[in-house]
A.B. asks: 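Quick one: structure below, then a few questions.
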Amino acid sequence: MVTIIDYDAGNMRSVEKAVRYLGEEVRITRKPEEILSAERLILPGVGSFGDAMEKLNGYGLTEVIHSYAESGKPFLGICLGLQLFFEESEESSGVKGLALLPGKIRRIPEGEGRKVPHIGWNDLKLRQGSRLFKGVPEGSYVYFVHSYYLEASIPEQVAARTEYGVKIDAAVEAGNLFACQFHPEKSSETGLRILKNFIEM
């Protein structure tokens with residue numbers, strides 16, 4: 001079973017639908033005991049960094065998430081969920097993230113012919129040996145919707161990169177922690193393969 005954290009940050013139902021399509025049971029919850037007992041956990045999310053952290057703190061989920069992350073069981077962040085894994089974001093000055101991994105969230109710079117937010121399909125440059133991208137061909141396209149991007153502090157934790165005016169750390173994996181800036185649940189067969197890899201960990 002896959003457990004999805006419900007903290008009123010959207011995007012849960014599309015993730016749930018994709019996981020169910022892969023034949024896996026899904027539970028959506030914000031109950032600490034159900035989160036801590038999860039076999040695999042997903043933190044989805046769309047919206048602002050500051051609002052999301054306020055909701056996680058308001059529901060008393062921050063410490064629960066830290067405890068789960070330390071359990072060694074697979075934990076996946078998606079889109080805003082990836083950003084929350086890190087220390088801080090230029091979107092919400094002074095707001096502390098979950099700081100599960102070291103790195104900063106930066107705003108995508110605007111430029112000629114480049115719109116922000118970045119919405120659309122981009123190709124990935126993959127790190128060899130990544131468990132999350134097992135069986136995913138180099139250069140595969142995935143779907144992004146974001147105005148902010150990860151600048152990871154530890155390059156070895158970056159599992160995939162893309163470019164949109166700047167080099168974007170598009171996915172990370174570190175031990176039992178995995179995260180994607182893009183939306184695997186909206187990324188066709190490539191995205192389903194990524195979710196399947198996570199489910200099979």
Side-chain angles (χ1 to χ4, degrees), residues 1-22 24-107 117 132 143-150 170-187 191 194-195 198-199 201:
M1 176 184 285
V2 170
T3 298
I4 298 172
I5 298 176
D6 175 11
Y7 64 111
D8 297 333
N11 205 41
M12 290 176 299
R13 296 301 172 189
S14 57
V15 176
E16 176 193 21
K17 185 177 178 181
V19 173
R20 288 194 190 281
Y21 178 82
L22 292 168
E24 189 74 8
E25 291 184 43
V26 182
R27 172 174 61 190
I28 296 175
T29 185
R30 66 173 63 111
K31 294 180 180 178
E33 64 274 16
E34 292 183 346
I35 292 171
L36 291 172
S37 67
E39 298 168 357
R40 293 166 194 81
L41 187 65
I42 296 178
L43 179 68
V46 293
S48 86
F49 187 94
D51 287 347
M53 284 307 305
E54 184 177 357
K55 288 173 181 174
L56 289 176
N57 289 324
Y59 286 126
L61 294 177
T62 304
E63 288 186 14
V64 176
I65 288 171
H66 275 270
S67 295
Y68 187 89
E70 292 165 7
S71 73
K73 294 183 287 186
F75 187 12
L76 174 66
I78 295 175
C79 194
L80 180 59
L82 169 139
Q83 296 180 13
L84 298 174
F85 271 29
F86 290 85
E87 297 162 312
E88 60 187 11
S89 172
E90 291 181 352
E91 182 177 21
S92 305
S93 179
V95 176
K96 291 182 179 179
L98 293 167
L100 301 175
L101 297 171
K104 304 287 190 287
I105 306 302
R106 309 289 191 193
R107 178 163 176 84
L132 196 60
Y143 188 74
F144 289 84
V145 182
H146 64 127
S147 299
Y148 295 82
Y149 71 97
L150 168 63
V172 293
E173 58 181 76
N176 63 311
L177 302 179
F178 306 86
C180 303
Q181 178 61 67
F182 56 88
H183 289 272
E185 78 281 5
K186 298 178 181 177
S187 296
I194 292 165
L195 287 173
F198 174 73
I199 289 167
M201 287 179 191

A.B. asks: Between Arg20 and Glu24, does any NZ, NE, NH1 or NH2 come within less than 4.0 Å of an OD or OE carboxylate oxygen?
C.D. replies: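 Not counted as a salt bridge, because no side-chain N and carboxylate O are separated by less than 4.0 Å.
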A.B. asks: Is there a side chain to side chain contact (heavy atoms under 4.5 Å, CB included) between His183 and Ile78 once you walk through the steps?
C.D. replies: CA-CA 6 Å; His183 289 272; Ile78 295 175; 4.1 Å; yes
A.B. asks: Nearest 0.5 Å, please: how far is OG in Ser92 from CE in Met53?
C.D. replies: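 Atom-to-atom, Met53:CE and Ser92:OG are 10.0 Å apart.
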A.B. asks: Report yes if some heavy atom in the side chain of Asp8 is under 4.5 Å from a heavy atom in the side chain of Tyr59; otherwise report no.
C.D. replies: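 They are in contact (side-chain heavy atoms under 4.5 Å apart), so the answer is yes.
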A.B. asks: Roughly how far apart are Glu54 CD and Tyr7 OH, rounded to 0.5 Å?
C.D. replies: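 Answer for the CD-OH pair, Glu54 versus Tyr7, is 13.0 Å.
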A.B. asks: After noting the C-alpha distance and the side-chain angles of Phe49 and Val95, does the key distance pass the side chain to side chain contact (heavy atoms under 4.5 Å, CB included) rule?
C.D. replies: CA-CA 8 Å; Phe49 187 94; Val95 176; 4.1 Å; yes
A.B. asks: Write down the atom of Glu185, the atom of Ala18, and the distance for their closest heavy-atom approach.
C.D. replies: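 Here Glu185 and Ala18 meet closest at CB-CB, 3.8 Å.
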A.B. asks: Check the surroundings of atom CD in Glu25: do more than 12 heavy atoms from other residues, nucleotides or ligands lie under 6.0 Å from it?
C.D. replies: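 No, CD of Glu25 has 12 or fewer neighbouring heavy atoms, counting only those of other groups under 6.0 Å.
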A.B. asks: Closest heavy-atom contact between Glu173 and Phe178?
C.D. replies: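 Distance-wise, the nearest heavy atoms are CB-CD2, 3.4 Å.
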A.B. asks: Between the main-chain N or O of Ala69 and the side-chain N or O of Asn176, is there a donor-acceptor pair closer than 3.5 Å?
C.D. replies: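 Confirmed, Asn176 side chain pairs with Ala69 backbone.
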A.B. asks: Does Arg106 make a cation-pi contact with Tyr149, if we ask for NZ or CZ under 6.0 Å from the ring centre and within 45° of the axis?
C.D. replies: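 No; the conditions do not both hold, so Arg106 does not lie above the ring face of Tyr149.
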A.B. asks: Do the side chains of Asp6 and Arg30 get close enough for a salt bridge, i.e. N-O under 4.0 angstrom?
C.D. replies: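 Salt bridge: yes.
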A.B. asks: Between the side chains of Glu87 and Lys96, is the shortest nitrogen-to-carboxylate-oxygen separation below 4.0 Å, so that they form an ion pair?
C.D. replies: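 The answer is no: the pair does not qualify as a salt bridge.
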A.B. asks: Please examine the side chains of Ser89 and Lys104, heavy atoms only from C-beta on, and report whether any two atoms are closer than 4.5 Å.
C.D. replies: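 Sidechains of Ser89 and Lys104: no contact.
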A.B. asks: Work out which heavy atom in Pro74 is nearest to a heavy atom in Met201; give both atom names and the distance.
C.D. replies: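 Distance-wise, the nearest heavy atoms are CG-CB, 4.0 Å.
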A.B. asks: If you take the centroid of each ring, where Trp contributes its six-membered ring, are Phe75 and Tyr68 closer together than 6.0 Å?
C.D. replies: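 For Tyr68 and Phe75, the ring centres are under 6.0 Å apart.
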A.B. asks: Give a yes or no on whether the ring-centroid distance for Phe144 and Phe182 is below 6.0 angstrom.
C.D. replies: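 They qualify: ring centres under 6.0 Å apart.
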A.B. asks: Working to the nearest 0.5 Å, report the span between CD1 of Ile42 and CD of Glu16.
C.D. replies: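 It is 10.5 Å, given to the nearest 0.5 Å.
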A.B. asks: Using a 6.0 Å cut-off, check whether atom CD of Glu63 has over 12 heavy atoms from anything other than its own residue.
C.D. replies: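 Atom CD in Glu63 is not packed in, count stays at 12 or less.
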